[in-house]
Asker: 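Mind having a look at this structure? Questions to follow.
One is the number of the first residue; the rest follow in order along the sequence.
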Amino acid sequence: MDHLVYPLPPTARWWSRETTAIVTGANKGIGFEVVKKLLELGLTVVLTARNAKNGSLAADSLRRAGFQNVQFYCLDVSEPSSIAAFVSWFRHNFGVLDILVNNAAVSFNVVGDNSIREPETIIKTNFYGAKLLTEALLPLFRHSVSASRILNISSRLGSLNKLRNPTVRQTLESEELTNEQIDATVTQFLEDVSNGTWEKQGWPENWSDYAVSKMALNAYSRVLARRYNGKKLSVNCFCPGFTRTSMTGGQGTHTAEDVAATIATLVLLPPEKLTSGKFFMFLEHKKIISRL
């Protein structure tokens, strides 16, 4: 563990109404609460969701609550054509981006269920969706003194200590890790699932497909952070922990509102306190950061 992160004092504000954030998967749960918190703090926020009706209703509810700095766009991160359309719209309407919160994710397991059902969909959404959207938006980030920020919502299920395969772990731990190696790792997992050998090949035991998708996202975040080191772009991951959302069937130790407050703190850190290539984890009453 490196250090503690506390809520921002009002005097630490570097942002304004012109500061623009995108939050994916934001029609409900953690994503929705993050949008709401950033709006409360005075930013302009683009709320995205793959379901047009649900996303529009979520944005309308925020406007009725008095937040006019919110816009909705229908975005399915698992579809490259949807990403392309969204980025084109955003470029035309906003031009520059300050904050990206990659929150959109899927899982087909309930708590306590470790079956593998649609691994390709999970990998395509949770890992490749976030990666492809990020890569498409990179030219639009505002590389100002305050620095732009990317926060990928991940999970400690994707920690490398969950891997029982020493070869894969060694690859992902490398300081010289490449995107090609990450892609090859994901492909190998999907092949092992198809062959029915994923368990004996040492992949994570709990929520395996979801865990691998987040493991790949963590690895990509570290590679991207290294790529943009010193270029006014911060890239970090955050694990919300066992949060009461639809993904957990409403079970959990804390609320989406609790998590959103921490996420807002992380993406709005003062420039002099901003880090990159880190993995943050939510704990009750404390917000702790650790290395990826």
Asker: Could you measure the distance from the CD atom of E175 to the CZ atom of R222? Nearest 0.5 Å is fine.
Answerer: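 CZ of R222 is found 6.0 Å from CD of E175.
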Asker: Counting N and O atoms only, with roles assigned by atom type, does the side chain of T24 sit under 3.5 Å from a partner on the main chain of T48, one being a donor and the other an acceptor?
Answerer: no
Asker: Looking at OG1 of T20 and CH2 of W15, how far apart are the two atoms once the value is rounded to the nearest 0.5 Å?
Answerer: 14.5 Å
Asker: How close do A104 and V77 get, counting heavy atoms only, and between which atoms?
Answerer: CB-CG2, 4.1 Å
Asker: For a 4.5 angstrom cut-off between non-hydrogen side-chain atoms, does V193 reach F189?
Answerer: yes
Asker: Do S159 side-chain atoms and K162 backbone N/O form a donor-acceptor pair below 3.5 Å?
Answerer: no
Asker: Is there side-chain contact between L75 and R50, with at least one heavy-atom pair below 4.5 Å?
Answerer: no
Asker: Between T125 (side chain) and I122 (backbone), is there a donor-acceptor pair under 3.5 Å?
Answerer: no
Asker: Could you check whether E120 pairs with K124 (Lys NZ or Arg NE/NH1/NH2 to Asp/Glu carboxylate O, under 4.0 Å)?
Answerer: no
Asker: Do any N or O atoms from the side chain of N27 and from the backbone of S56 form a donor-acceptor pair under 3.5 angstrom?
Answerer: no
Asker: Could you note down all residue pairs passing salt bridge (Lys or Arg N to Asp or Glu O under 4.0 Å) where residues 181-194 supplies at least one of them, sequence neighbours left out?
Answerer: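 Those involving residues 181-194 are K131-D183.
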Asker: For W203 versus T185, what's the shortest heavy-atom pair and its separation?
Answerer: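 So the minimum-distance heavy-atom pair works out to CH2-O, 3.5 Å.
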Asker: With the side chain counted from C-beta on, respond yes when T19 and T44 share a heavy-atom pair under 4.5 Å apart, and no when they do not.
Answerer: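 Sidechains of T44 and T19: no contact.
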Asker: What's the shortest heavy-atom distance between A219 and L172, and which atoms?
Answerer: CB-CD2, 4.3 Å
Asker: Any Lys/Arg nitrogen of E135 or R227 sitting under 4.0 Å from an Asp/Glu carboxylate oxygen of the other?
Answerer: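 A salt bridge links E135 with R227.
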Asker: Which heavy atom of A59 sits nearest to which heavy atom of F72, and what is that distance?
Answerer: CB-CB, 3.8 Å
Asker: Linking I/L/V/M/F/W/Y whenever any side-chain heavy atoms sit under 4.5 Å apart, do V96 and V101 land together?
Answerer: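 No; V101 is not reachable from V96 via cluster members.
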Asker: Side chain of T134, backbone of A130: donor and acceptor closer than 3.5 Å?
Answerer: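 Yes, T134 side chain to A130 backbone: donor-acceptor pair under 3.5 Å.
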Asker: I want to check something: taking the side chain as every heavy atom from C-beta on, are I263 and K37 in contact at a cut-off of under 4.5 Å?
Answerer: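 With C-beta onward as the side chain, the pair stays apart.
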Asker: Please identify which of these residues, N236, N218, V235, L224, meets the side-chain contact (heavy atoms from CB on, under 4.5 Å) condition with N152.
Answerer: V235
Asker: Does S78 offer a backbone N or O that forms a donor-acceptor pair with the side chain of D76 under 3.5 Å?
Answerer: yes
Asker: If you take all heavy atoms of S154 and C237, which pair is closest and at what distance?
Answerer: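 Scanning both residues completely, I find the closest heavy atoms to be CB-CB, 4.2 Å.
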Asker: Relative to the ring of Y210, is the ring of W207 parallel (under 30°), tilted (30 to 60°) or perpendicular (over 60°)?
Answerer: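 Perpendicular, since the angle between the ring planes exceeds 60°.
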Asker: Check whether any side-chain heavy atom of N165 sits under 4.5 Å from a side-chain heavy atom of R169, and report yes or no.
Answerer: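 A side-chain contact is absent here, since even the closest heavy-atom pair is not under 4.5 Å.
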Asker: List the steps, then state whether side-chain contact (heavy atoms from CB on, under 4.5 Å) holds for F32 with V23.
Answerer: CA-CA 8 Å; F32 179 81; V23 183; over 6 Å; no
Asker: State whether the side chain of S174 and the backbone N or O of Q170 hold a donor-acceptor pair below 3.5 Å, judged by distance alone.
Answerer: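 Flag not set: sc S174 to bb Q170 has no pair under 3.5 Å.
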Asker: Is there side-chain contact between F90 and Y73, with at least one heavy-atom pair below 4.5 Å?
Answerer: no
Asker: Flag the pair N103 / V34 as yes when at least one side-chain heavy-atom distance between them is below 4.5 Å, and no otherwise.
Answerer: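 Side-chain contact under 4.5 Å: no.
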Asker: Hey, are the side chains of F127 and I182 touching, using non-hydrogen atoms and a 4.5 Å cut-off?
Answerer: yes
Asker: So which atom in I153 and which in P240 form the shortest heavy-atom distance, rounded to 0.1 Å?
Answerer: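 Of all heavy-atom pairs spanning I153 and P240, the closest is CG2-CD, 3.9 Å.
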Asker: Please list, one pair per line, the donor and acceptor atoms closer than 3.5 Å that link side chains of residues 139-150 to other protein atoms, with sequence neighbours excluded.
Answerer:
{"from": "R142", "atom 1": "NE", "to": "D98", "atom 2": "OD1", "distance (Å)": "2.7"}
{"from": "R142", "atom 1": "NH2", "to": "E18", "atom 2": "O", "distance (Å)": "3.4"}
{"from": "R142", "atom 1": "NH2", "to": "D98", "atom 2": "OD2", "distance (Å)": "2.9"}
{"from": "H143", "atom 1": "ND1", "to": "K231", "atom 2": "O", "distance (Å)": "3.0"}
{"from": "S144", "atom 1": "OG", "to": "S146", "atom 2": "OG", "distance (Å)": "2.9"}
{"from": "S148", "atom 1": "OG", "to": "R142", "atom 2": "N", "distance (Å)": "3.3"}
{"from": "S148", "atom 1": "OG", "to": "R142", "atom 2": "O", "distance (Å)": "2.4"}
{"from": "R149", "atom 1": "NE", "to": "A147", "atom 2": "O", "distance (Å)": "2.8"}
{"from": "R149", "atom 1": "NH1", "to": "V267", "atom 2": "O", "distance (Å)": "2.9"}
{"from": "R149", "atom 1": "NH1", "to": "L269", "atom 2": "O", "distance (Å)": "2.9"}
{"from": "R149", "atom 1": "NH2", "to": "S146", "atom 2": "O", "distance (Å)": "2.8"}
{"from": "R149", "atom 1": "NH2", "to": "L269", "atom 2": "O", "distance (Å)": "2.9"}

